[in-house]
Asks: 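Right, I'll just put the structure down here and ask away after.
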Amino acid sequence: MRYSTPEPVRHDWTLAEVEALFALPFMDLMFRAQGVHRAFHEPNTVQLSTLLSIKTGACPEDCAYCPQSVHYDTGLERETLLEVAEVRAAAERARAAGATRFCMGAAWRQPKARDLKVVAAMIREVRALGLESCATLGMLSPAQAAELKSAGLDYYNHNLDTSEEFYGEIITTRSYQERLDTLAAVRTAGIHVCCGGILGMGESVTDRAALLRTLANLAEHPESVPINRLVKVPGTPLADAPDVDPFDFVRAIAVARLLLPRAHVRLSAGREAMSDELQALCLMAGANSIFYGERLLTTGNPDVERDRLLLARLKVNAEAAPAELPASAPGGSALGDAGHEASHARA
Ligand code: SAM
Ligand code: DTB
Ligand code: SF4
């Protein structure tokens, strides 16, 4: 059941206002977040996205949280770019398990021209299966974003990760402004923006407020906002970072819901180590999307059976795939008519 709300969609939040939301009594914050959630979304529905690492490890960037950075010895096995057929097979499995979006991640600073052509072929295959496509490939130029759009890309994930002030403690090889430039290129190309961050890197509540404020004050809100809890990977500089208080994590989800009413807020990395009860609190706070499937990119995620059981116990439904995916540019579907039949079959 949906309720109306007096809270408008805003793009002019001050830092003090966002910090004041974080400082609310927990129950008051949850009540407000639920009001907004029910005004803008089906409250008992969660969107399911499946991730696949299409190129793993040996990334030149130095993101302090990341097992794939070449700067840290995490024992990760490198893999070159997967074959298109392997990606299609993984997407078929994700669809059979109930996912509606398939997200392909590559450990690149920025894709090379020849790699982008292969990713474009992967996107066509994913969409021909009737799945929404998402990619996260590092920085993009405006021309690269346009190329992905014409292959039919629905979403591009590129996270700000934290506040501009704390960012320099986490990444030195790419600037905050470069991230904002990539987000602008994605938006201009007409691709949906997926942008969020990570909690548990030693940031303050002010940093969390500043990150969410930056997202909320963009001219257009991201359609998808992943909130990750740091997965502490041995060998990375953040392997021993202090845990986030679980209630503070839920607060961040609730504030994201209040600031970004229309967005799908995704309870992202870190679920494997969360209790069912904590995950339920995150959904109550306004999260309405999860990564679904045994793996994130290189680390674990709850298995499909555990997630199905949790959703069934809560009587939460999986969001249906869009009845029809928006058309991609001419020649966009790898399978031509067969691809369209596949998407109709799911409608
Ligand atoms: N290389 C591309 C990039 O950074 O844009 C795409 C892949 S990268 C792994 C995507 C996002 O995953 C990062 O921006 C970060 O927010 C998240 N991430 C990476 N490692 C993580 C970890 N250990 N715990 C939580 N989130 C993580
Ligand atoms: C996002 O915000 N989280 C996902 C996705 N976007 C690409 C990635 C999480 C990665 C966790 C560490 C790993 O599995 O390598
Ligand atoms: Fe590379 Fe992305 Fe990992 Fe940073 S988060 S090291 S850019 S794969």
Side-chain angles (χ1 to χ4, degrees), residues 49-72 74-79 81 101-111 115 119 134-140 144-145 155-162 167 170-176 178-183 185-186 193-203 211 215 222 224-241 243-244 249 256 263-274 287 289-302:
S49 294
T50 293
L51 272 171
L52 176 70
S53 181
I54 59 168
K55 184 269 169 183
T56 306
C59 181
E61 306 276 357
D62 69 352
C63 312
Y65 48 76
C66 187
Q68 303 202 65
S69 167
V70 79
H71 298 266
Y72 318 124
T74 61
L76 185 71
E77 272 199 35
R78 303 170 174 194
E79 278 176 31
L81 187 59
R101 190 176 308 160
F102 192 72
C103 309
M104 295 164 275
W108 288 320
R109 173 175 167 77
Q110 181 163 10
D115 292 329
V119 175
C134 175
T136 178
L137 316 169
M139 289 194 287
L140 292 182
Q144 288 180 315
Y155 288 80
Y156 195 78
N157 167 243
H158 198 66
N159 291 339
L160 290 175
D161 281 340
T162 190
Y167 182 88
I170 304 297
I171 299 141
T172 69
T173 50
R174 174 201 286 165
S175 71
Y176 211 72
E178 283 173 313
R179 291 196 183 236
L180 290 166
D181 292 346
T182 292
L183 293 173
V186 169
V193 171
C194 173
C195 183
I198 309 180
L199 269 62
M201 303 192 294
E203 75 287 344
L211 166 67
L215 295 175
S224 170
V225 178
I227 306 292
N228 297 278
R229 190 171 78 168
L230 178 70
V231 179
K232 295 183 216 175
V233 180
T236 62
L238 292 176
D240 300 314
D243 284 337
V244 190
F249 187 81
H264 273 72
V265 174
R266 183 173 307 119
L267 173 56
S268 300
R271 281 201 306 118
E272 198 179 28
M274 290 181 196
S289 173
I290 58 172
F291 284 124
Y292 177 68
E294 282 74 12
R295 272 186 104 59
L296 293 165
L297 291 172
T298 67
T299 66
N301 197 43

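This structure is a prediction, so every number in the text was calculated from the model and none was measured. Whatever order the structure lists them in is the order used to number ligands and atoms, beginning at 1. Side chains included, hydrogens not; waters and symmetry mates left out as well; all remaining heavy atoms used.
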Asks: Looking at K55 and D115, is any side-chain nitrogen of the basic one under 4.0 Å from a carboxylate oxygen of the acidic one?
Replies: no
Asks: Quick one: do D243 and K232 make a salt bridge, cutoff under 4.0 Å?
Replies: yes
Asks: Using every non-hydrogen atom in the two residues, find where S289 and S49 come nearest and quote the distance to one decimal.
Replies: OG-OG, 4.4 Å
Asks: Keeping waters out of it, list the protein N, O or S atoms under 2.8 Å from atom 4 (Fe) of ligand 3.
Replies: C63 SG
Asks: When rounded to the nearest 0.5 angstrom, what is the spacing between OH in Y292 and CZ in R271?
Replies: 10.0 Å
Asks: Check each protein residue for a heavy atom under 4.0 Å from ligand 1 and list those that pass, ordered by chain and number.
Replies: Y65, A106, W108, T136, G138, H158, N159, D161, R174, I198, N228, R229, L230, V231, A269, L297
Asks: So, using salt bridge (charged side-chain N to carboxylate O under 4.0 Å, His left out) as the criterion, who are the partners of E294 when residues are at least two apart?
Replies: none
Asks: Give a yes or no on whether R109 atom CZ has more than 12 heavy-atom contacts from other residues, nucleotides or ligands under 6.0 Å away.
Replies: yes
Asks: Quick check: does any side chain N or O of T236 sit under 3.5 Å from a backbone N or O of C66, one acting as donor and the other as acceptor?
Replies: no
Asks: Distance only, no hydrogens: is a donor on one side chain within 3.5 Å (strictly under) of an acceptor on the other, for Y65 and N228?
Replies: no
Asks: In a simple table, one pair per line, please give the protein and ligand 2 atom names for every N or O pair closer than 3.5 Å, along with the distance.
Replies:
| residue | atom | partner | partner atom | Å |
| --- | --- | --- | --- | --- |
| ligand 2 | 2 (O) | N159 | ND2 | 2.8 |
| ligand 2 | 2 (O) | N228 | ND2 | 2.8 |
| ligand 2 | 3 (N) | N228 | OD1 | 3.0 |
| ligand 2 | 6 (N) | N157 | OD1 | 3.1 |
| ligand 2 | 14 (O) | L297 | N | 3.0 |
| ligand 2 | 14 (O) | T298 | N | 2.8 |
| ligand 2 | 14 (O) | T299 | N | 2.9 |
| ligand 2 | 14 (O) | T299 | OG1 | 2.8 |
| ligand 2 | 15 (O) | T298 | N | 3.2 |
| ligand 2 | 15 (O) | T298 | OG1 | 2.7 |

Asks: If only atom types and distance count, is the side chain of Y156 paired as donor or acceptor with the main-chain N or O of C195 below 3.5 Å?
Replies: no
Asks: Rounded to the nearest 0.5 Å, how far apart are CD of Q110 and CG of L140?
Replies: 7.0 Å
Asks: Given the protein's heavy atoms, is any one of them under 4.0 Å from atom 2 (Fe) of ligand 3?
Replies: no
